[in-house]
Amino acid sequence: MSEPVDNTNERRTFLGIILGGIGAVVASVLAWPMFRYLSPIAKGEGEQVVRIPRAKVSVGGAHFFSYQGRPAVLLQPKAGEFTALSAVCTHLGCIVKWVADAQQFLCPCHGGRFSAEGKVLGGPPPKPLETLLVSLVDDQVLVG
Ligand code: FES
């Protein structure tokens, strides 16, 4: 009569491999959105010149748009005067918000503040918001 074979160690090894594989797949699925969020967007995507009707920006207001695949903002601080800036915070790349009452940009991530000209007013951002070229053609504002 033969004795029963003890293959407990083989089962444990097999289960360990299966659970390790499942864990790796789950970790990859969870990490992908974070990787996409943190990875910089390549420049050069989108149009080189963006046309925005003047009427889209009120005096003292802001109009957010996409410039070469990245968030940007057009301001009209005084009637007929336009400024375009990158809306990407120079600290860690969050998108700034326009606070019309204060006439400032506020970064929601770490409290960075920028003036309407893009200068750093406070918080951790190391440099001003990138300025974009603006020109006026009839009732259109051309950025880029
Ligand atoms: S990312 Fe804007 S202050 Fe940190």
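Whatever order the structure lists ligands and atoms in, that order sets their numbers, starting from 1.
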Problem - Cys107 backbone or side-chain N/O/S under 2.8 Å from atom 2 (Fe) of ligand 1 - result: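 For Cys107, the answer is yes, given that an N, O or S atom comes within less than 2.8 Å of atom 2 (Fe) of ligand 1.
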Practice task
Could you tell me which atoms of ligand 1, counted from 1 in the order shown, lie closer than 4.0 angstrom to a heavy atom of Cys94?
Solution key: 1 (S)
Exercise for the section: For Gly112, counting its heavy atoms only, list the atoms of ligand 1 lying under 4.0 Å from any of them. Expected result: 3 (S)
Problem - Interatomic spacing from CG in Leu19 to CZ in Arg12 - rounded to 0.5 Å - result: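 One gets 13.0 Å once the value is rounded to the nearest 0.5 Å.
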Problem - Distance, nearest 0.5 Å, that separates NZ of Lys56 from CG of Asp139 - result: 12.5 Å
Problem - His91: its N/O/S atom lying closest to atom 4 (Fe) of ligand 1 (atom name) - result: ND1
Exercise for the section: Output the atom name for the N/O/S atom of His110 with the smallest distance to atom 4 (Fe) of ligand 1. Expected result: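 Closest N, O or S atom of His110 to atom 4 (Fe) of ligand 1: ND1.
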Exercise for the section: Look at the rings of Phe65 and Tyr67 and say which category their plane angle falls in: under 30° parallel, 30 to 60° tilted, over 60° perpendicular. Expected result: perpendicular
Exercise for the section: Indicate the atoms forming the closest heavy-atom contact of Val88 with Leu129, along with that distance. Expected result: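 It is O-CD2, 3.5 Å.
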Problem - Heavy-atom side-chain proximity of Leu142 to Leu136 below 4.5 angstrom - result: no
Exercise for the section: May I ask whether Pro124 places a heavy atom under 4.0 Å from ligand 1? Expected result: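 Judged by the 4.0 Å heavy-atom criterion, Pro124 does count as contacting ligand 1.
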Handout entry: Crowding at CZ, Phe14 (>12 non-hydrogen neighbours, <6.0 Å)
Key = no
Completion exercise
min-distance protein heavy atom vs atom 1 (S) of ligand 1 -> Leu92 N, 3.3 Å
